[in-house]
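Just so it is clear, the values below take in all heavy atoms, side chains as well, and ignore hydrogens, waters and symmetry mates. If you're wondering where the values come from, they're calculated on a predicted model, not measured in any experiment.
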Amino acid sequence: MSKDSYQPPQSNLSDWEASAEKLMKGKSIDTLNVETAEGITMSPLYTADDVESLTTTNTLPGLEPYIRGPQATMYAGRPWTIRQYAGFSTAEESNAFYHQLLSEGAQGISVAFDLATHRGYDSDHDRALHDVGKAGVAVDSVEDMKILFDGIPLEQVSVSMTMNGAVLPILAAYIVAGEEQGVSLAELSGTIQNDILKEFLVRNTYIFPPAHSMRIVGDIIAYCTEHMPRFNTISISGYHIQEAGADSALELAYTLADGKEYIRCALSSGLEIDDFAPRLSFFWGIGMNFYMEIAKLRAARLLWSRIVDEFNPSNPRSKMLRTHSQTSGWSLTEQDPHNNVVRTTIEAMAAIFGGTQSLHTNALDEAIALPSESASRLARNTQLILQEETGITDVIDPWGGSYMMESLTSQLAERAWELFSEIEDKGGMAAAIETGIPKLRIEASAAKRQAQIDSGTQVIVGVNKYHTETPDSIDVLEIDNAEVLKRQLDRLADIRAERSEQRVQERLAALREAAATNTGNLLELAVAATRDRATGGEITKALESSFTRYQAETKTVSGVYGGLMDTNESWSDIRRRIDAFVDTHGEPPSILICKLGQDGHDRGAKVIASAFGDAGFRTSLTPMFSLPKEVVAQAVGEGVHAIGVSSLAGAHKTMIPELLAELKKANAEHMVVVVGGVIPKQDYGFLHNSGVHGIFGPGTPITVSAEEVLGTIEARLSFAET
């Protein structure tokens with residue numbers, strides 16, 4: 001028989017079901033279905049029937065609704081841009097690192113600013129001292145920005161800046177640094193994140209109240225639309241929503257809802273949709289659910305095209321979603337950290353198959369400390385290998401037409417649209433934030449995920465299954481905060497000594513007046529103040545005098561973690577011990593959970609507070625951005641047994657000793673102090689010697705930490721009684 005005449009037998013679904021049932025030995029095929037965190041049922045088999053009713057499968061890349069990619073040729077014509085998110089210590093050290101990145105294959109610069117800069121504090125502010133240069137680069141003025149980009153031609157190199165709260169002084173400093181490098185506004189290219197709604201939802205590096213913050217967003221869009229045609233005015237970020245615990249549907253819905261709110265903001269500033277929409281960009285987190293992450297990026301383009309279409313654009317590019325992606329930081333583990341190389345590679349492939357326009361890959365050691373040089377190089381080379389060695393770039397959207405992927409894309413889009421519509425029914429994201437509903441939904445999702453990991457329902461290799469007896473030794477990067485702080489204070493003193501104080505005060509007065517009267521463009525005024533060497537902290541303070549500084553209300557969910565752990569033996573034992581504690585002492589064990597300094601990542605703190613509360617602890621949270629003395633005052637006022645410090649930004653070696661010193665001053669040394677978060681093991685001895693009673697690194701089950709905290713409280717009370 002010739003190959004031309006051969007006809008393969010036609011298989012049918014009933015034959016497959018019979019074969020599958022035989023292999024299942026009497027069990028229902030339905031037991032193979034998987035219920036995802038998004039509430040979508042994943043089937044083990046997809047056929048043409050699953051896509052028969054879909055109207056979105058017969059699409060092409062570069063054409064509306066852009067499911068298969070925003071460009072017609074995608075990576076076959078031009079691969080994604082390799083970005084490396086970096087910034088640490090001083091501007092000089094970050095500048096040297098950027099030069100190295102560019103020489104080794106990076107194609108753009110993504111700047112990480114320290115937390116003091118994010119929150120609009122100069123390095124000499126008393127709320128900033130511990131965070132200067134620790135989790136990003138310190139930028140107090142245009143002089144720091146000039147050093148940051150020294151020798152880097154800003155007319156050629158695209159710069160992405162993750163900045164939201166202090167977006168005015170930072171963008172102004174970048175503009176003036178470009179001017180003084182001889183680069184015109186029209187030549188500057190890159191992106192400023194400028195996504196303040198996401199800060200109110202999850203990341204918390206806001207400064208001003210929502211309404212005033214949205215005015216700043218509008219002024220930036222208006223200014224850049226007129227003067228900076230190559231610069232993207234906003235990067236609407238789902239990354240931090242995912243990192244805070246949201247599933248893919250929540251991340252998708254809330255990010256797109258933020259985007260629609262920014263469209264309304266720009267239109268209210270007098271712009272037309274086609275003036276700015278083509279330069280809106282997005283930023284997604286890419287986690288370990290491989291198929292779902294690919295579907296998420298495809299569904300995002302579909303839904304964004306639908307959303308923008310409501311505003312009747314004339315330019316097709318207005319409906320085109322372009323995105324940067326970053327592999328998950330939360331999925332990285334302290335245990336068996338070399339496994340993180342595999343995780344990052346898988347996540348990078350999901351971003352690529354989903355059609356991202358640029359990508360950052362996280363380093364293997366980021367669950368332990370700031371990324372080292374060798375780990376950063378390996379993360380970057382992961383992209384180079386995928387781009388240069390695999391052949392992945394040869395085909396445009398290889399998942400197009402897949403029964404499974406087209407079905408999953410459609411289902412995820414439908415689920416996200418339901419959540420998006422819920423936000424719209426509240427009046428849009430700005431109004432929904434005021435209700436607190438989106439934040440609580442994200443926190444409930446995070447608590448559910450943690451319970452699944454702690455119970456073993458969701459496997460994390462090396463954490464809750466397949467433990468190693470020989471842990472890896474990892475060299476970690478440590479920043480000398482004292483040295484960085486000295487340099488920044490010296491530079492601030494020099495700037496203030498050399499500038500015209502009268503001109504600076506006139507510029508700051510103009511900013512205050514514009515903020516108070518809702519006149520003028522705040523970015524234009526910030527640029528003028530920056531030219532005269534006003535600092536970022538001074539610009540922020542001028543605006544703060546009119547806008548005030550926002551303080552969010554802290555809330556936690558209840559019942560989510562405990563509800564999923566009811567059958568867990570360790571959990572039940574903790575509950576029994578707490579009941580016995582109450583019988584003995586007449587009250588439950590109590591703990592105050594706090595975030596010290598300017599670190600706004602509160603997923604861990606919220607999950608711990610929620611889960612400990614479900615176990616029977618009396619739990620409370622400090623306001624965000626508390627100083628050690630403020631934490632101690634609250635702890636003493638509430639009479640708690642323990643203080644739990646959540647630390648993610650590397651300031652634990654200075655802030656924890658200060659907290660312990662404040663406890664001593666308040667005659668409250670009997671309180672148990674425990675610390676959790678990203679803390680290198682090399683620092684454990686220092687913290688224990690300082691007086692910390694327990695340290696819980698990433699991946700520690702809540703049952704373990706709750707049992708240890710309870711035991712320490714019991715031992716302390718028993719000792720006091722004797």
Side-chain angles (χ1 to χ4, degrees), residues 113-129 131-132 138-142 144-145 163-173 175-176 192 194 196-197 199-200 204-223 265 269 430 433-434 488-489 492-493 495-496 499-553 597-598 600 623-627 630:
F113 297 96
D114 74 359
L115 293 168
T117 303
H118 272 289
R119 293 273 293 145
Y121 294 120
D122 286 337
S123 295
D124 57 358
H125 196 284
D126 62 354
R127 289 192 176 272
L129 301 179
D131 292 306
V132 174
V139 174
D140 292 323
S141 73
V142 67
D144 290 323
M145 193 71 81
M163 179 53 63
N164 301 282
V167 63
L168 284 174
I170 287 299
L171 185 53
I175 289 169
V176 176
I192 188 83
N194 194 26
I196 200 63
L197 290 174
E199 300 299 324
F200 292 110
N204 300 310
T205 57
Y206 44 72
I207 299 176
F208 311 116
H212 298 305
S213 297
M214 289 297 286
R215 179 196 166 181
I216 291 170
V217 170
D219 281 2
I220 288 172
I221 292 174
Y223 181 93
C265 176
S269 298
I433 285 171
E434 297 290 344
Q488 292 303 118
L489 297 185
L492 279 168
I495 290 168
R496 288 168 177 152
R499 69 189 186 183
S500 167
E501 196 62 30
Q502 180 180 344
R503 283 207 307 272
V504 169
Q505 293 306 320
E506 288 171 354
R507 299 298 192 190
L508 295 176
L511 266 170
R512 282 192 292 271
E513 175 69 14
T517 59
N518 197 25
T519 57
N521 184 287
L522 295 177
L523 177 56
E524 184 176 6
L525 293 167
V527 169
T530 301
R531 288 193 187 107
D532 285 329
R533 273 29 187 192
T535 68
E538 290 166 341
I539 290 172
T540 300
K541 189 174 181 180
L543 295 168
E544 189 180 340
S545 65
S546 297
F547 290 164
T548 72
R549 188 172 279 265
Y550 183 72
Q551 181 67 62
E553 184 181 355
Q598 300 306 307
M624 293 295 297
F625 316 117
S626 295
L627 292 173
E630 294 167 340

- Give, for atom OH of Tyr550 and atom CE of Met624, the distance between the pair rounded to the nearest 0.5 Å. 12.0 Å
- Task: Supply the atom-to-atom distance Ile196 CD1 to Met163 CE, rounded to the nearest 0.5 angstrom.
- Result: 10.0 Å
- Between Phe547 and Phe208, how do the two ring planes meet: parallel, tilted or perpendicular, split at 30° and 60°? perpendicular
- Query: Any donor-acceptor pair under 3.5 Å linking the side chain of Asn194 with the backbone of Asn164?
  - Reply: no
- Query: Hey, are the side chains of His212 and Ser546 touching, using non-hydrogen atoms and a 4.5 Å cut-off?
  - Reply: no
- Query: Do the side chains of Arg496 and Glu538 get nearer than 4.5 Å, heavy atoms only?
  - Reply: yes
- Which heavy atom in Leu523 sits nearest to a heavy atom in Ala172, and how many Å separate them? CD1-N, 4.1 Å
- Task: Compare every heavy atom of Asn204 with every heavy atom of Gly600, then report the nearest pair and how far apart it is.
- Result: O-ND2, 2.8 Å
- Please say which of Val176, Ile175, Ile170 ends up in a side-chain contact (heavy atoms from CB on, under 4.5 Å) with Thr530. Val176
- Task: Among Thr117, Thr540, Thr535, find the one that has a side-chain hydrogen bond (donor to acceptor under 3.5 Å, both in side chains) with Asp122.
- Result: Thr535
- Give me the one residue out of Leu171, Leu522, Asn521 that meets side-chain contact (heavy atoms from CB on, under 4.5 Å) with Tyr223. Asn521
- Task: Begin with the C-alpha distance, continue with both residues' side-chain angles, and end with the deciding distance and a verdict on side-chain contact (heavy atoms from CB on, under 4.5 Å) for Glu199 and His118.
- Result: CA-CA 11 Å; Glu199 300 299 324; His118 272 289; over 6 Å; no
- Item | Which atom of Met145 lies closest to which atom of Ala173, heavy atoms considered | CG-O, 3.6 Å
- When rounded to the nearest 0.5 Å, the distance separating CG of Asp140 from CG of Asp124 is 7.0 Å
- Task: Determine, stepwise, if the pair Arg549 / Arg119 fulfils side-chain contact (heavy atoms from CB on, under 4.5 Å).
- Result: CA-CA 10 Å; Arg549 188 172 279 265; Arg119 293 273 293 145; 3.6 Å; yes
- About how many Å separate CG of Asp219 and CD of Glu524, when rounded to the nearest 0.5 Å? 9.5 Å
- Query: Rounded to the nearest 0.5 Å, what separation is found between the CG atom of Leu168 and the CD1 atom of Ile207?
  - Reply: 9.0 Å
- Message: Can you tell me how the ring of Phe625 sits relative to the ring of Tyr206, calling it parallel under 30°, perpendicular over 60° and tilted otherwise?
- Response: perpendicular
- Where is the tightest heavy-atom contact between Gln551 and Pro623, given as atom of each residue plus distance? NE2-CB, 3.6 Å
Could you list the donor-acceptor pairs under 3.5 angstrom formed between side-chain atoms of residues 505-516 and any protein atom two or more places apart in sequence or on another chain?
| residue | atom | partner | partner atom | Å |
| --- | --- | --- | --- | --- |
| Gln505 | NE2 | Glu501 | OE2 | 2.9 |
| Glu506 | OE2 | Gln502 | NE2 | 3.2 |
| Arg507 | NE | Asp532 | OD2 | 2.9 |

- Task: Taking all heavy atoms of Ala526 and all of Ile539, pick out the closest pair and write down the distance.
- Result: O-CD1, 4.0 Å
- For the atom pair CG (Leu129) and OH (Tyr121), what is the distance rounded to the nearest 0.5 Å? 11.5 Å
- Item | Residue pair Asp131 / Gln598, side-chain donor-acceptor N/O under 3.5 Å | no
